[in-house]
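Written out below as structure tokens is the structure these notes cover.
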There are 2 protein chains.
Amino acid sequence: MNRSPDTARELRRAYLFADMSEPHLQSLVNGMLDIHLDPGKALFRQGQAAERFYFLREGLVKLFRLSPEGDEKIIEIMRPGETFAEAVMFMGTQGRYPVNAEAINSSRLYAFEQKVFLDLLRESSDATFGLLGSMSRRLHMLVNQIESLTLQNATYRLVAYLLEEIPRDVKTAPDVQLTTPKGVIASRLAIQPETLSRILAKLRQGGLIEVQGNHIMVRDVQALRNLVHLPPQEQAP
Amino acid sequence: MNRSPDTARELRRAYLFADMSEPHLQSLVNGMLDIHLDPGKALFRQGQAAERFYFLREGLVKLFRLSPEGDEKIIEIMRPGETFAEAVMFMGTQGRYPVNAEAINSSRLYAFEQKVFLDLLRESSDATFGLLGSMSRRLHMLVNQIESLTLQNATYRLVAYLLEEIPRDVKTAPDVQLTTPKGVIASRLAIQPETLSRILAKLRQGGLIEVQGNHIMVRDVQALRNLVHLPPQEQAP
DNA sequence: CGAAGGCATTGACCTTGGTCAACCGGGCTT
DNA sequence: AAGCCCGGTTGACCAAGGTCAATGCCTTCG
């Protein structure tokens, strides 16, 4: 099967693949699968044997845990250009997925065999360092999440989230286009939809933001930054 | 300097070193440092450049974050035979420690240069897989922690902790000897010391446990297991 | 031996965010 | 066009756990 010539370039958007040599990357491309997922469809379930890992091309996929009562906590929302479940196979107990994965939007992915990748790691230290980088990044993200869940309140978490969502580069109005329904963000931040709604109302009444559906216009970035103890906007050097 | 002949064996208790070839392990042993830490003394601070990682020989070290208000959340309590901060150096931004580390008890450690280890990884896939295993394990632990912080209440977290602390093998009374002051456990579980005390009182009144200082006698293991939705004691096969 | 300091416990009260229910509004289906 | 379904909002109430303060207890140290 012939892949588009810049499939490799597409994959390199992910940290995992960014610095991999062309031949190594090609060997992965040869063995990979195309996957399409409709909204709400499961990719894998927690506890299943982890035979593949994934690269998200388009759409949005949530990684989450469920409580026995059926409550959901989203651990991470994967975006296009990111890989996930690439770290699972290294636990002694023949890897099982530690979370559920489900499409939020209609999504397209590439799937890779864990064992093909494993062989690659033995001979390519580029690949290995890419993987270590991805894992290290995820570790750091999880620690940050634990900190904000335990040492900060719901308003802090939401504001921090909004600030991260403001496009970096843009010189224009610092607005946020929410990529998911508010309920999804609520689950990611471990707050109830009602509470999220109330916090937005509070920020709106304080004149910090304006809300129109999924579009949030930030009226006072500095006030938001103060809420999360950030110093007065650092300029890019 | 001549190391005791079984230093290598001591190190192999850690997953990171368990399957490393003897010569590789020896090369690390040659470059490592002995460190002693008195109780309450810091090993490193969040944000410092991460030049070393550590193996804990004796004692207890806490890894934690601080809020701007000075509240502390313990992310992990390291025990003898475990390594930590070995994953830090792979983040693009020339590694900085993502947490604080401080001795709880008087502790002895070995310290390793990150860059020596880095060189080793390039040529030893045993070392690499050891590292991947350690990181994968830690990732899993953090996800579990996020789940229990968000989907479970304080009683659940404490009971789950107690059950984990019951010595695996023992056929005798299933008791728990707390290795740290209760306040430390409270911080690890993200509850206040007062609340922890009240939960223990509740369990005591229910006849599930008895408490004598740092020694907790479990009177009804099954009742505890039920509280965390575990099935009726699985027998070792 | 007595005082002091650290950890733990207990009580009274308060706050944050959760729960439950009603309602709104836009987009789709029939 | 009517109805409906879903996501979101709002209000009233509730409960888990945090806060603050007083007290107890054990270890350490003078």
Side-chain angles (χ1 to χ4, degrees), chain A residues 38-40 60 62 67 69-74 104-106 148-162 176-206 209-216 227, chain B residues 38-40 60 62 67 69-74 102-106 148-159 161-162 176-205 209-216 227:
Chain A
D38 287 327
L60 236 31
K62 63 180 177 181
S67 76
E69 297 76 33
D71 297 330
E72 167 188 301
K73 167 62 172 88
I74 295 180
I104 298 175
N105 298 334
S106 177
S148 72
L149 288 170
T150 54
L151 297 175
Q152 310 297 159
N153 64 22
T155 300
Y156 181 106
R157 294 203 295 279
L158 177 54
V159 170
Y161 179 87
L162 289 178
V176 176
Q177 186 63 41
L178 300 181
T179 50
T180 70
K182 294 195 180 104
V184 170
I185 294 171
S187 168
R188 168 57 241 280
L189 300 176
I191 60 192
Q192 297 308 117
E194 293 94 326
T195 303
L196 186 144
S197 189
R198 281 187 252 267
I199 294 171
L200 285 178
K202 189 183 64 186
L203 296 175
R204 185 160 19 88
Q205 283 156 27
I209 62 174
E210 279 174 58
V211 183
Q212 273 171 20
N214 274 352
H215 190 77
I216 296 183
L227 284 179
Chain B
D38 286 327
L60 237 30
K62 63 179 177 183
S67 76
E69 296 75 34
D71 297 330
E72 166 187 303
K73 167 64 172 90
I74 296 179
E102 201 176 289
I104 298 175
N105 296 335
S106 177
S148 73
L149 288 169
T150 55
L151 296 177
Q152 310 297 159
N153 63 22
T155 300
Y156 181 106
R157 295 203 294 280
L158 177 54
V159 170
Y161 180 85
L162 289 178
V176 176
Q177 185 64 41
L178 300 180
T179 50
T180 70
K182 295 195 180 104
V184 170
I185 294 171
S187 168
R188 170 55 242 281
L189 300 177
I191 60 191
Q192 297 308 116
E194 293 93 327
T195 303
L196 186 143
S197 189
R198 281 187 253 267
I199 294 172
L200 285 178
K202 189 184 62 185
L203 295 176
R204 185 159 19 88
Q205 282 156 28
I209 62 174
E210 280 175 58
V211 183
Q212 272 171 20
N214 274 352
H215 191 76
I216 296 183
L227 283 178

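Below, read A as the first sequence line, B as the second, and so on, with proteins coming before strands; counting in each chain starts at 1. The structure presented is a predicted model; accordingly, all values stated were derived computationally and were not measured.
B/Arg157 contributes no side-chain N or O that, together with a main-chain N or O of B/Ile191, makes up a donor-acceptor pair within less than 3.5 Å.
Residue B/Asn214 contributes atom CG, which lies 13 Å from atom C1' of C/dG6 at whole-angstrom precision. A straight line from CD1 of B/Ile104 to P of C/dC7 spans 12 Å, rounded to a whole angstrom. Here C/dG6 presents its P atom at 18 Å from NZ of B/Lys182, a figure rounded to the nearest Å.
Residues B/Leu158 and B/Leu200 meet the side-chain proximity criterion, which asks for heavy atoms closer than 4.5 Å. Proximity of B/Leu203 to B/Leu227: side-chain heavy atoms (C-beta onward) are separated by under 4.5 Å at one or more points. A/Ser67 places a side-chain heavy atom less than 4.5 Å from the side chain of B/Gln152.
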For nucleotides 26-28 of chain C, which of its nitrogen or oxygen atoms have a protein nitrogen or oxygen under 3.5 Å away, and what is each distance?
none

Show each protein N/O and nucleotides 16-20 of chain C N/O combination with a separation under 3.5 Å, one pair to a line.
| from | atom 1 | to | atom 2 | distance (Å) |
| --- | --- | --- | --- | --- |
| C/dG17 | OP1 | A/Ala154 | N | 2.8 |
| C/dG18 | OP2 | A/Gln192 | N | 3.3 |
| C/dG18 | OP2 | A/Thr195 | OG1 | 2.8 |
| C/dT19 | O4 | A/Arg198 | NH2 | 2.7 |
| C/dC20 | N4 | A/Glu194 | OE2 | 3.3 |

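Applying the side-chain hydrogen bond (donor to acceptor under 3.5 Å, both in side chains) rule to A/Lys73 yields the partners A/Gln145; only residues at least two apart in sequence or on another chain are considered. Among residues two or more places apart in sequence or in another chain, the side-chain hydrogen bond (donor to acceptor under 3.5 Å, both in side chains) test is passed with B/Glu194 by none. Residues satisfying the side-chain hydrogen bond (donor to acceptor under 3.5 Å, both in side chains) criterion with A/Gln212, sequence neighbours excluded, are absent altogether.
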### Task
Show your reasoning for whether side-chain contact (heavy atoms from CB on, under 4.5 Å) applies to A/Val176 and A/Ile209.
CA-CA 10 Å; A/Val176 176; A/Ile209 62 174; over 6 Å; no
### Task
Check the pair A/Lys62, A/Thr180 against side-chain contact (heavy atoms from CB on, under 4.5 Å), reporting the backbone distance first and the verdict last.
CA-CA 10 Å; A/Lys62 63 180 177 181; A/Thr180 70; over 6 Å; no
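Residue B/Pro181 is classed as a sugar-phosphate contact, given heavy-atom separations below 4.0 Å to backbone atoms only.
In summary, contact between chain B and DNA chain D, defined as any nucleotide atom under 4.0 Å from a heavy atom of the protein, begins and ends at D/dG17 to D/dC20 in the 5' to 3' direction.
Taking every heavy atom of both residues into account, B/Ala103 and B/Asn105 meet most closely at CB-O, 3.4 Å.
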